[in-house]
Colleague: 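Below are the structure tokens for one structure; questions will follow.
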Amino acid sequence: MLADCGRVNSLPDGAGVELRGWIRSKRHHGRLMFIDLRDGTGVVQVTLKAAELPEADFQAVSSAGRESAVVVWGVVVHDPRAPGGAEVRARKIELLSASLEEFPIKKGVGPRFLSDHRHLAIRSPKAAAILRFRSNLLKSIRNWFEREGFVEVHCPTFITAAVEGGATLFEVNYFGKKVYLTQSVQFYQEAAIYSLGKVYSIQPSFRAERSKTRRHLTEFWHVEGEMAFAGLDDLMRVVERLVGEASAETLENSRELLKLLGRERSPESVEPPYHRVKYSEALDILASKGVQLEWGSDLGADEEKILTMEFDKPFFLTHFPRKAKAFYHMPDPANPELTLSADLLAPEGYGEIVGSGQRIHDYEQLLARIVEEGLEPADYKWYLDLRKYGSVPHSGFGLGVERLVQWLLGLKNIRSAVMFPRTMSRTYP
RNA sequence: GCCGGGGUAGCUCAGCCUGGUAGAGCGGCGGGCUGUUAACCCGUCGGUCAGCGGUUCAAAUCCGCUCCCCGGCGCCA
């Protein structure tokens with residue numbers, strides 16, 4: 001019977017199994033040999049006693065290096081001496097493909113070496129567990145959107161006008177013309193709501209920010225949503241339910257992975273509702289902690305950290321000053337110096353995981369803001385067009401997948417939340 | 001962009017202050033071992049000291065320039 005390494009444990013004593021996998025490590029004692037065999041579902045010890053299998057098989061494997069591929073036929077034995085409580089006693093083993101060279105990933109290697117060999121490092125059970133967790137999370141996110149009636153749309157990666165600041169665009173030579181890699185699909189989703197109502201996208205965004213921190217990538221996966229007939233309160237309700245419910249479901253479905261990663265995080269610890277803190281209230285909280293911040297300036301990392309100490313769940317920071325936000329943000333009718341915006345901050349200093357807000361839907365108001373920011377209205381022609389034909393209040397958000405994975409798993413660096421990270425200084429492998 | 005740390009064996013690092021023929025551990029390779037937990041024991045191979053220039057009888061070490069990496073800030077998801 002073909003079996004998974006990760007599930008040998010649950011098979012009865014004496015069961016005959018076939019395992020296909022890679023030699024993670026080997027302990028050789030002359031006529032006795034132990035192999036930790038890995039296959040993507042887990043690791044199991046295979047015990048080879050020379051007397052119990054063909055001599056040629058034993059010899060072939062004794063000279064095989066780590067990560068050699070093998071097929072093992074053997075018998076399940078529950079034995080307290082085996083890691084995990086069960087092992088497979090080999091009766092026959094076939095060396096499918098011996099490693100040509102010593103496998104470079106081993107005990108004691110440093111972070112730079114691991115990054116340079118990421119294509120091999122992802123074989124480690126921990127790296128694989130993170131990738132599986134990420135896959136579970138995206139499945140839950142997608143299921144949530146589908147349950148809530150959002151329609152998935154796919155937007156272009158080549159664009160001509162900036163959504164966020166223009167300085168952070170990657171320029172691409174497009175048949176001699178300058179175009180850019182997308183930073184957000186927001187503008188295209190704003191077009192889509194007039195066709196589909198509620199939409200979502202899951203695709204990469206690119207930011208040419210010269211950020212050298214543990215929470216920045218130049219290419220990251222962006223979950224974005226946009227809704228017609230939605231104001232700031234509707235928006236925050238959607239964001240907290242999406243983040244909270246999808247995260248809780250993922251944690252529930254990933255208990256084994258969390259155990260393997262040595263992480264503790266209960267589904268209850270991420271459940272909504274989340275606190276809403278207005279920008280002005282945040283300044284008061286900071287002032288009470290002895291930190292004076294000038295009204296209008298954005299919060300720095302230190303200020304953010306102090307605020308996150310106040311909460312043990314993510315929380316919204318709302319109503320940012322107009323000058324701290326992009327031109328399309330809806331001014332607060334109660335105070336036009338503020339915007340109807342909401343960032344969701346993760347606790348423990350992991351920073352912003354969602355940026356969101358209500359968009360300006362009035363043509364003249366949007367045009368005035370574009371001019372006020374010194375932008376060229378002609379560059380935003382089609383975007384302005386959307387305000388000409390039955391324009392309605394609408395809101396949307398963007399969630400950074402790697403940021404969320406990083407916070408949920410307590411990862412020190414965002415790079416381990418993605419299979420092949422792209423940063424300012426890394427495009428290899 | 002600003003600030004800080006770093007680059008020495010395949011890997012992790014010591015040596016640098018106080019200049020004098022390049023070190024350790026791990027790994028590899030060879031041998032041994034029937035209950036290991038990235039085992040253990042014996043032997044052995046292994047170097048463009050990031051690069052360029054300068055000072056000196058002599059530079060991994062002192063000085064200058066350049067490149068690369070990591071972290072913090074700013075910016076953001």
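Throughout, protein chains are lettered first and strands after them, A, B, ... in sequence-line order, and every chain is numbered starting at 1.
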Colleague: Please state how far atom CZ in F103(A) lies from atom C1' in G28(B), giving the value in whole angstrom units.
Modeller: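 That distance rounds to 16 Å.
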Colleague: Per the salt bridge (charged side-chain N to carboxylate O under 4.0 Å, His left out) rule, what does the pair list look like for residues 270-281 of chain A, sequence neighbours excluded?
Modeller: E240(A)-R276(A)
Colleague: Think R265(A) forms a cation-pi with W407(A), using NZ or CZ under 6.0 Å from the six-ring centre and within 45 degrees of its axis?
Modeller: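 Output yes; distance and angle both within limits.
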Colleague: Checking base pairs now: Watson-Crick or wobble, both atom distances under 3.5 Å. What partners G71(B)?
Modeller: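 Checking every strand shown, G71(B) finds its partner in C3(B), with both distances under 3.5 Å.
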Colleague: Assign each of E87(A) and R215(A) to its nearest nucleotide of RNA chain B by heavy atoms, then name whichever residue's nucleotide is nearer the 5' end.
Modeller: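 Per heavy-atom nearest nucleotide, the more 5' residue is E87(A).
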Colleague: For the residue pair Q203(A) and V185(A), establish whether any side-chain heavy-atom pair is separated by less than 4.5 Å.
Modeller: yes
Colleague: Find the partner of U44(B): check Watson-Crick (N1-N3 plus N6-O4 or O6-N4) and G-U wobble (N1-O2, O6-N3) distances, both under 3.5 Å, and reply none if neither fits.
Modeller: G28(B)
Colleague: Find the distance K325(A):NZ to C76(B):C1' and express it as a whole number of Å.
Modeller: 9 Å
Colleague: G71(B) phosphate, OP1 or OP2: any side-chain N/O from N413(A) under 4.0 angstrom?
Modeller: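 Answer yes for this pair, as a side-chain N or O of N413(A) is under 4.0 Å from OP1 or OP2.
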Colleague: In Watson-Crick or G-U wobble terms, both distances under 3.5 Å, what is the partner of C52(B)?
Modeller: G64(B)
Colleague: For G20(B), give its Watson-Crick or G-U wobble partner with both distances under 3.5 Å, or none.
Modeller: C57(B)
Colleague: For the residue pair W382(A) and Y188(A), establish whether any side-chain heavy-atom pair is separated by less than 4.5 Å.
Modeller: yes
Colleague: Side-chain N or O of R214(A) less than 4.0 angstrom from OP1 or OP2 on G72(B)?
Modeller: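 Checking R214(A) against G72(B): at least one side-chain N or O falls below 4.0 Å of OP1 or OP2.
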Colleague: If we take the C1' atom in both C75(B) and G5(B), what is their distance in whole Å?
Modeller: 23 Å
